[in-house]
Amino acid sequence: MKRLLPLVLALLVVVLMTACGTPANNSTITDVDASTITESNAGNTIPTNVGTFNKTAQIAETVLVDENNVKITATGLTYDDYNAEVELLIENNSDKDLSFVCGSSGYNCNSINGYMTPDGYLFCDVTAGKKAYDSVSFSYDELMLYGINEIADIELGFCIENDDYNRTYTGPQQIKTSIANSFDYDKEYFQDAITDPSVQKAFYYSTEFFSADTLYDQNGISVRSEALVENGHGELMLLLEIMNASSEMVYVVTDDIAINGLVCRTSPWSSDMVTPGKKSVAVIQLHSVLSKSYWDDLGIKDITSIDLTINIEDQEGTALADPAALSVKISDSNQFDSSGAEVYNANGIRVISKGVFESDSDYDDDLYPILLVENNSGKTIRVYDVYDSLSINGFMMDYYLTSVEIDDGKCAVVEIDLYDSSLKKNKITSISDIAELELKLSFLSGNKTIDEPKVIITY
């Protein structure tokens with residue numbers, strides 16, 4: 001098992017979350033936490049029509065791991081005002097110091113009642129020959145966003161690492177509670193919660209669109225429902241409910257994301273580990289896929305469709321099925337505006353400048369020139385920049401251009417990130433200081449270069 005690139009934040013799973021894991025060697029994958037979907041409700045009283053969390057379930061002492069001179073035992077299940085906690089006894093009877101990790105962004109196969117969850121984080125160092133008590137916690141708020149208000153079973157997975165950086169992965173280990181035998185695992189907890197106005201009100205989000213159409217169903221992996229959700233900050237997210245009815249742990253990877261027919265990202269965006277027999281909810285945060293700052297100028301007023309590709313991979317990143325294109329149709333019309341200053345038109349490729357934009361983040365002072373590239377060349381193309389070719393007002397700039405792959409007949413956003421440090425060095429303090437941008441682009445089809453035009457944009 002090698003998929004271990006750490007992520008920025010734990011992935012979401014319950015209603016507003018994705019569920020763990022990300023492909024190695026891919027810095028483009030983005031992740032969000034529960035606060036991106038809901039305003040914090042910690043400590044607040046949940047309306048009575050939503051229900052309260054049932055804290056009666058208990059566990060018997062359960063040995064989760066007992067091999068290679070390592071023993072991990074779940075000793076109890078306790079409850080406080082905000083979380084349920086599984087108490088653990090970790091025994092290191094080996095001759096090496098060990099680190100025990102559970103619920104990390106790099107390796108997380110934790111689940112509650114059949115739903116993958118980002119909760120249950122643990123990091124514990126145990127010296128050779130010693131023991132340690134520790135615990136993992138699960139938020140009531142996140143569980144109740146599923147519609148889950150009691151715990152029937154918990155699965156935890158551990159990564160155990162020694163001083164030589166050799167790792168052992170336990171896979172998911174199950175703890176059944178005292179209510180497991182009476183719990184209804186067939187109930188549609190996610191679908192019920194995401195469409196329940198009482199739950200939406202309690203957790204400060206609204207469901208703008210929901211469908212129980214099965215968009216994908218191959219080899220035991222299915223995408224069984226889709227929802228467009230807006231949180232209390234006005235941020236929109238696409239939620240995809242995933243079921244793994246196969247006998248293998250898989251990663252469900254999304255890429256090639258288009259909003260209203262406009263291609264926005266063509267590299268892997270999210271990745272969710274789903275263990276056998278479990279469900280997960282993948283979250284695609286649309287304002288991260290395409291900054292809200294650009295939406296008005298791109299003519300995106302309402303979300304009418306979201307297109308994407310999913311890939312099913314094993315733990316080594318090997319494809320288990322052919323990529324599949326999914327389309328979430330909210331209305332019949334695709335809405336985006338491709339007008340603007342034309343800066344290139346040849347070889348069936350057209351480049352349009354849409355202007356320069358500020359970030360919608362208070363913590364980002366970079367500036368972002370935006371291009372649209374229309375591809376009517378009859379072939380799939382990839383758009384790059386020629387290294388170190390961009391200048392502003394005649395001065396060389398440090399920047400990053402997001403490469404995109406565009407199928408024939410499609411139009412894609414190309415985002416250029418002008419670094420704040422370089423802008424300041426060149427005495428550019430606002431968008432109005434930018435008079436001219438010069439950049440050399442490269443259009444490729446396969447390994448063949450179609451053209452490498454110098455593009456000059458005046459503002």
Side-chain angles (χ1 to χ4, degrees), residues 8 26-30 235 257-259 262-269 285-300 336-345 349-375 381-406 411-444 451-459:
V8 178
N26 201 317
S27 61
T28 64
I29 288 176
T30 62
E235 297 166 330
I257 302 171
I259 299 174
L262 179 63
V263 177
C264 302
R265 300 286 174 175
T266 61
S267 56
W269 186 255
Q285 194 175 7
L286 298 182
H287 292 163
S288 295
V289 171
L290 182 68
S291 172
K292 184 65 172 177
S293 299
Y294 317 150
W295 284 35
D296 285 346
D297 287 82
L298 292 172
I300 299 175
F336 71 90
D337 180 5
S338 60
S339 64
E342 183 178 278
V343 296
Y344 175 85
N345 193 343
I349 302 168
R350 182 169 175 255
V351 180
I352 303 103
S353 170
K354 297 295 288 186
V356 183
F357 299 85
E358 295 178 342
S359 170
D360 55 3
S361 168
D362 294 335
Y363 305 100
D364 182 0
D365 292 324
D366 295 358
L367 295 178
Y368 296 88
I370 298 299
L371 306 175
L372 296 185
V373 179
E374 293 180 351
N375 177 24
I381 66 169
R382 181 162 281 279
V383 181
Y384 296 90
D385 62 310
V386 175
Y387 176 72
D388 205 21
S389 66
L390 188 146
S391 64
I392 298 289
N393 303 341
F395 291 89
M396 301 303 296
M397 284 289 302
D398 295 328
Y399 71 99
Y400 178 78
L401 182 145
T402 304
S403 173
V404 296
E405 184 173 276
I406 313 172
C411 181
V413 176
V414 175
E415 180 183 76
I416 304 169
D417 182 354
L418 304 177
Y419 298 150
D420 176 54
S421 58
S422 190
L423 290 167
K424 289 177 178 176
K425 183 172 66 176
N426 288 308
K427 316 238 177 334
I428 297 171
T429 59
S430 68
I431 290 175
S432 61
D433 293 331
I434 299 177
E436 180 183 270
L437 181 150
E438 183 178 306
L439 172 69
K440 197 169 184 181
L441 294 173
S442 180
F443 305 128
L444 282 78
D451 198 3
E452 287 193 344
K454 180 186 290 184
V455 171
I456 298 175
I457 307 170
T458 57
Y459 299 100

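Predicted, not measured: the structure shown is a model, and the values here were computed from it. These numbers come from the heavy atoms of this one structure, side chains and all, not from hydrogens, waters or symmetry mates.
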Trainee: Would a 4.5 Å heavy-atom cut-off, applied to side chains only, mark Ile349 and Asp451 as touching?
Mentor: no
Trainee: Check step by step if side chain to side chain contact (heavy atoms under 4.5 Å, CB included) holds for Val413 and Leu372.
Mentor: CA-CA 5 Å; Val413 176; Leu372 296 185; 3.8 Å; yes
Trainee: So, for Cys411 and Leu262, which heavy atoms are closest and what is the spacing to 0.1 Å?
Mentor: O-CD1, 3.5 Å
Trainee: Please determine whether side chain to side chain contact (heavy atoms under 4.5 Å, CB included) holds for the pair Leu298 and Leu290, giving the CA-CA distance in whole Å, both sets of side-chain angles, and the decisive distance to 0.1 Å.
Mentor: CA-CA 10 Å; Leu298 292 172; Leu290 182 68; 3.9 Å; yes
Trainee: Looking at every non-hydrogen atom in both residues, tell me the closest pair between Val414 and Thr402 and how far apart they are.
Mentor: CG1-O, 4.0 Å
Trainee: Between atom OG of Ser389 and atom CG of Leu401, what is the distance when rounded to the nearest 0.5 Å?
Mentor: 8.5 Å
Trainee: Could you tell me whether a side-chain N or O of Asn393 sits under 3.5 Å from a main-chain N or O of Asp433, the two making a donor and an acceptor?
Mentor: yes
Trainee: Among residues at least two apart in sequence or on other chains, which ones pass ring-ring contact (aromatic ring centres under 6.0 Å, His included) with Tyr344?
Mentor: Phe443
Trainee: Could you go through Leu418 and Tyr368, starting from their C-alpha distance and side-chain angles, then the distance that decides it, and tell me whether this counts as side chain to side chain contact (heavy atoms under 4.5 Å, CB included)?
Mentor: CA-CA 6 Å; Leu418 304 177; Tyr368 296 88; over 6 Å; no
Trainee: Parallel, tilted or perpendicular: which fits the ring planes of His287 and Trp295, with parallel below 30° and perpendicular above 60°?
Mentor: perpendicular
Trainee: Starting at CG of Leu371, measure out to CD1 of Ile457 and round the result to the nearest 0.5 Å.
Mentor: 5.0 Å
Trainee: Specify the closest pair of heavy atoms between Val356 and Ile431, including all atoms of both residues, with the distance to one decimal.
Mentor: O-CD1, 3.4 Å
Trainee: Rounded at 0.5 Å granularity, tell me how far CD in Glu415 sits from CZ in Phe357.
Mentor: 10.5 Å
Trainee: Mind jotting down which residue pairs meet the salt bridge (Lys or Arg N to Asp or Glu O under 4.0 Å) criterion with at least one end in residues 364-373? Sequence neighbours excluded, please.
Mentor: none
Trainee: Applying side chain to side chain donor-acceptor pair (under 3.5 Å), can you list everything that pairs with Asp388, at least two apart in sequence or on another chain?
Mentor: none
Trainee: For the residue pair Tyr399 and Val386, what are the closest heavy atoms and their distance?
Mentor: OH-O, 3.5 Å
Trainee: Checking Ser361 against Ser359: is there a side-chain donor and acceptor pair closer than 3.5 Å?
Mentor: no
Trainee: Between Glu452 and Lys440, what is the shortest heavy-atom contact and its length?
Mentor: O-CE, 3.4 Å
Trainee: Keeping the roles fixed (side chain from Ser403, backbone from Tyr384), state whether a donor-acceptor pair exists under 3.5 Å.
Mentor: no
Trainee: Hey, what do you get for CE (Met397) to CD1 (Ile434), rounding to the nearest 0.5 Å?
Mentor: 7.0 Å
Trainee: What's the separation between atom CZ in Arg350 and atom CD in Glu342, rounded to the nearest 0.5 Å?
Mentor: 4.5 Å
Trainee: Looking at Val404, Val383, Ile352, which hits side-chain contact (heavy atoms from CB on, under 4.5 Å) with Val373?
Mentor: Val383
Trainee: Hey, mind stepping through Glu358 and Leu367 against side chain to side chain contact (heavy atoms under 4.5 Å, CB included) and telling me if it holds?
Mentor: CA-CA 5 Å; Glu358 295 178 342; Leu367 295 178; 3.8 Å; yes
Trainee: Can you measure from OG (Ser353) to CD1 (Ile456) and round to the nearest 0.5 angstrom?
Mentor: 13.0 Å
Trainee: With distance as the sole test, does Arg265 use its side chain to make a donor-acceptor pair with the main-chain N or O of Val289 at under 3.5 Å?
Mentor: yes
Trainee: Looking at every heavy atom in both Lys354 and Asp337, which two are closest together, and how far apart are they?
Mentor: NZ-O, 3.1 Å
Trainee: For Asp297 and Tyr294, indicate whether the former's side chain and the latter's backbone hold a donor-acceptor pair under 3.5 Å.
Mentor: no
